[in-house]
Amino acid sequence: MEKVQCLIIGSGPAGYSAAIYTSRANLKNVLFEGIQPGGQLTQTTTIENYAGFPVGIDGQQLMAQMRQQAVNVGADVRSGIITDIDLTKRPFTATTDAGSQIQADTVIVATGASAKYLGLDDEKKYSGMGVSACATCDGFFYRRRVVAVVGGGDTACEEAHYLSNLASKVYMIVRKDYLRASAAMQKRVMEKDNIEILFNTNTVGLFGENGVEGAHLVRFKGTDREEPFDIAIDGFFLAIGHKPNTDFLAGQLTLDQAGYIVTDLATTATSVPGVFAAGDVADPRYRQAIVAAGSGCRAALDVEKFLAEQ
Ligand code: NDP
């Protein structure tokens with residue numbers, strides 16, 4: 001069976017930074033890109049808060065450059081998904097979606113997080129037919145149409161703002177009576193004439209013949225002022241946060257209540273010696289690309305130290 005010193009799972013800023021550092025430390029590594037090569041940044045537009053790019057950089061371009069840099073310094077970057085991993089004994093054994101197995105002395109889990117859905121049956125029914133969790137991926141299809149964005153955080157505001165430049169009208173469906181987003185993001189949304197915010201509103205269903213034609217909403221749900229109403233829309237965008245991608249670990253690492261990997265306070269060590277975690281999969285707090293990149297570096301240095309001590 002193929003054996004490496006460090007298996008890196010995930011290809012966001014954390015995974016690629018870990019690959020760059022482990023390669024430069026002359027460790028035999030392999031990185032599996034996972035379900036979404038390049039990670040969440042490939043789904044955004046310009047990134048303006050990653051230091052080193054004074055006029056911003058396109059998300060896809062940034063990730064392509066990180067990948068190229070990792071390859072240039074010797075990282076073994078492969079497409080493929082780790083579907084199973086046995087962390088009960090070292091070396092650890094991972095299985096890919098192609099059915100091959102690989103052994104690793106250490107593992108860096110950098111699988112990130114994925115968009116959350118409301119859990120409505122209609123979200124599945126209209127998946128790819130008007131329901132999306134990525135405005136920058138799918139917004140193009142809604143030029144001069146009417147769309148709704150669910151959520152009141154920074155992501156929702158960013159997506160609503162982006163869509164408002166394409167669509168004729170954007171509803172924001174916000175369950176509370178305020179936006180959770182930063183003041184700057186709120187201002188950008190408030191300044192757009194074609195964004196209408198529906199506060200205190202929940203979505204209970206979607207309708208349409210061959211795709212989304214509207215949403216069933218309820219204002220003041222669960223109170224005596226409850227008021228059901230419908231809106232006509234062509235697209236329904238979810239922006240209600242993310243869920244860490246930890247299912248494939250099958251309970252072998254200690255997770256917090258929301259499913260994030262718990263790491264040692266001072267390092268990236270997880271509950272299993274030799275397994276480290278970096279990026280959004282272990283970060284319920286910051287969830288920023290630059291933080292993820294930094295934690296990928298930390299994980300690689302932790303791997304180097306761990307192997308040296310063995
Ligand atoms: P957040 O957790 O900040 O916001 C989620 C939003 O979705 C909240 O308004 C929440 O409502 C709502 N929501 C959650 N679950 C449901 C549900 N079941 N039904 C209806 N509404 C729901 O997530 P974000 O993805 O917006 O942001 C994550 C992090 O990334 C934050 O730290 C954010 O600041 C950061 N970020 C920064 C950006 C930037 O600086 N440019 C851009 C994007 C994200 P409620 O308030 O009621 O809980």
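None of these values were measured; they are calculated from a predicted model. The figures that follow rest on heavy atoms only: side chains count, while hydrogens, waters and symmetry mates do not.
In plain terms, the two heavy atoms of G34 and P37 that are nearest each other are O-CD, 3.8 Å. When all heavy atoms of Y50 and A293 are compared, the pair lying nearest together is OH-CB, 3.3 Å. What you find for L238 and E159 is that their closest heavy atoms are O-OE1, 4.3 Å. V4 approaches K28 most closely through the heavy-atom pair CB-O, 3.6 Å. Of all heavy-atom pairs spanning G112 and D280, the tightest one is CA-CB, 4.1 Å. Nearest heavy atom pair, residue P91 against residue D105, reads CB-OD1, 4.1 Å.
Side chains of V107 and I9 form a contact here, defined as non-hydrogen atoms less than 4.5 Å apart. Looking only at side-chain heavy atoms (C-beta outward), V149 and F236 stay at 4.5 Å or farther from each other. Within the 4.5 Å cutoff, the side chain of V218 has heavy atoms near those of the E226 side chain. Within the 4.5 Å cutoff, the side chain of I47 has no heavy atoms near those of the D58 side chain. The shortest side-chain heavy-atom distance between N194 and S168 does not fall under the 4.5 Å cut-off. At a threshold of 4.5 Å between non-hydrogen side-chain atoms, the residues L198 and V174 do not count as touching. Counting heavy atoms from C-beta on, the side chains of V204 and L120 never come closer than 4.5 Å. Using a 4.5 Å heavy-atom threshold, the side chains of I197 and V189 count as touching.
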Original post:
Step by step, would you call S271 with V262 a side-chain contact (heavy atoms from CB on, under 4.5 Å)?
Top reply: CA-CA 7 Å; S271 55; V262 175; over 6 Å; no
**OP:** Go through Y16 and E33 one step at a time and tell me if the side-chain hydrogen bond (donor to acceptor under 3.5 Å, both in side chains) criterion holds.
**Re:** CA-CA 9 Å; Y16 283 137; E33 291 183 314; 3.3 Å; yes
Original post:
Passes side-chain contact (heavy atoms from CB on, under 4.5 Å), I85 versus F248? Steps please.
Top reply: CA-CA 7 Å; I85 190 156; F248 78 105; 4.2 Å; yes
Subject >> Verdict with reasoning, L166 to Y142, per side-chain contact (heavy atoms from CB on, under 4.5 Å) >> reply: CA-CA 7 Å; L166 295 165; Y142 299 92; 6.0 Å; no
**OP:** Check step by step if side-chain contact (heavy atoms from CB on, under 4.5 Å) holds for T88 and Q252.
**Re:** CA-CA 8 Å; T88 57; Q252 297 175 92; 4.0 Å; yes
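Within the 3.5 Å criterion, the main-chain N or O of T267 finds a donor-acceptor partner in the side chain of D264. A side-chain donor-acceptor contact under 3.5 Å links D154 to the backbone of S182. Under the 3.5 Å distance criterion, the side-chain polar atoms of S164 are matched with a main-chain donor or acceptor of H161. For S17 (side chain) and A14 (main-chain N/O), no donor-acceptor pair under 3.5 Å exists by modelled atom type. Under a 3.5 Å cut-off, the side chain of R298 and the backbone N or O of A266 do form a donor-acceptor pair. A distance-only check finds no donor-acceptor pair linking the side chain of S100 to the backbone of A98 [under 3.5 Å]. Judged by distance alone, the side chain of E213 and the main-chain N or O of D234 form no donor-acceptor pair under 3.5 Å. Under a 3.5 Å cut-off, the side chain of Q68 and the backbone N or O of A64 do not form any donor-acceptor pair. Panel note: side chain T42, backbone Q36; no donor-acceptor pair is recorded below 3.5 Å. For T246 (side chain) and G259 (main-chain N/O), a donor-acceptor pair under 3.5 Å exists by modelled atom type.
Residue I290 qualifies as enclosed at atom CD1: its count of foreign heavy atoms under 6.0 Å is above 12. Crowding of Y21 atom OH: a count of heavy atoms from other residues, nucleotides or ligands under 6.0 Å not exceeding 12. Annotation: R78, atom CZ; neighbour count of heavy atoms from other residues, nucleotides and ligands within 6.0 Å is above 12. Heavy atoms from other residues, nucleotides or ligands lying under 6.0 Å from NZ of K192 number more than 12. More than 12 heavy-atom neighbours from other residues, nucleotides or ligands sit within 6.0 angstrom of NZ on K243. Atom OH of Y286 has 12 or fewer neighbouring heavy atoms from other residues, nucleotides or ligands inside a 6.0 Å radius. For D121, the CG atom is loosely surrounded, since the number of other residues' heavy atoms within 6.0 Å does not exceed 12.
Taking SG of C157 as the start and CD1 of I195 as the end, the distance is 8.0 Å to the nearest 0.5 Å. For the atom pair CD1 (I102) and CD1 (I82), the distance works out to 7.0 Å, reported to the nearest 0.5 Å. One distance of note links CD1 of I8 with CD1 of I108; it measures 5.0 Å at 0.5 Å rounding.
Linking ILVMFWY residues whenever their side-chain heavy atoms come closer than 4.5 Å, directly or via other members, places F237 and V170 in the same cluster. F53 and M66 fall within a single hydrophobic cluster, where Ile, Leu, Val, Met, Phe, Trp and Tyr are joined by side-chain heavy atoms under 4.5 Å apart, directly or via other members. I240 and L206 fall within the same hydrophobic cluster, defined by Ile, Leu, Val, Met, Phe, Trp and Tyr side-chain heavy atoms under 4.5 Å apart, directly or through other members. In the hydrophobic clustering of this structure, L249 does not group with F276; members are Ile, Leu, Val, Met, Phe, Trp, Tyr whose side-chain heavy atoms approach within less than 4.5 Å, directly or through other members. By the criterion of side-chain heavy atoms lying less than 4.5 angstrom apart, applied directly or through intervening Ile, Leu, Val, Met, Phe, Trp or Tyr residues, V131 is grouped together with L118 in one hydrophobic cluster.
D84 and T95 are not linked by any side-chain donor-acceptor pair at a separation below 3.5 angstrom, with hydrogens and angles left out of the test. No side-chain N or O of T111 forms a donor-acceptor pair with one of N245 less than 3.5 Å apart. Side-chain contact, R90 with Q103: no donor N or O sits under 3.5 Å from an acceptor N or O. Using a 3.5 Å distance cut-off with no hydrogens or angles, the side chains of S23 and N29 do pair a donor with an acceptor. No donor-acceptor contact under 3.5 angstrom links the side chains of T83 and D97, judged on distance only. Judged by distance alone, the side chains of D302 and T268 do bring a donor and an acceptor atom under 3.5 Å apart. Residues Q65 and Q61 bring a donor and an acceptor atom of their side chains to less than 3.5 Å of each other.
For E227, the salt bridge (Lys or Arg N to Asp or Glu O under 4.0 Å) partners two or more places apart in sequence, or in a different chain, are R219.
The residue from I233, N202, L217 that alone fulfils the side chain to side chain contact (heavy atoms under 4.5 Å, CB included) condition with I173 is L217.
In this pair, H216 and F207 present their aromatic rings tilted. The plane angle is within the 30 to 60° band.
Judged by the 6.0 Å and 45° rule, K169 forms a cation-pi pair with Y171.
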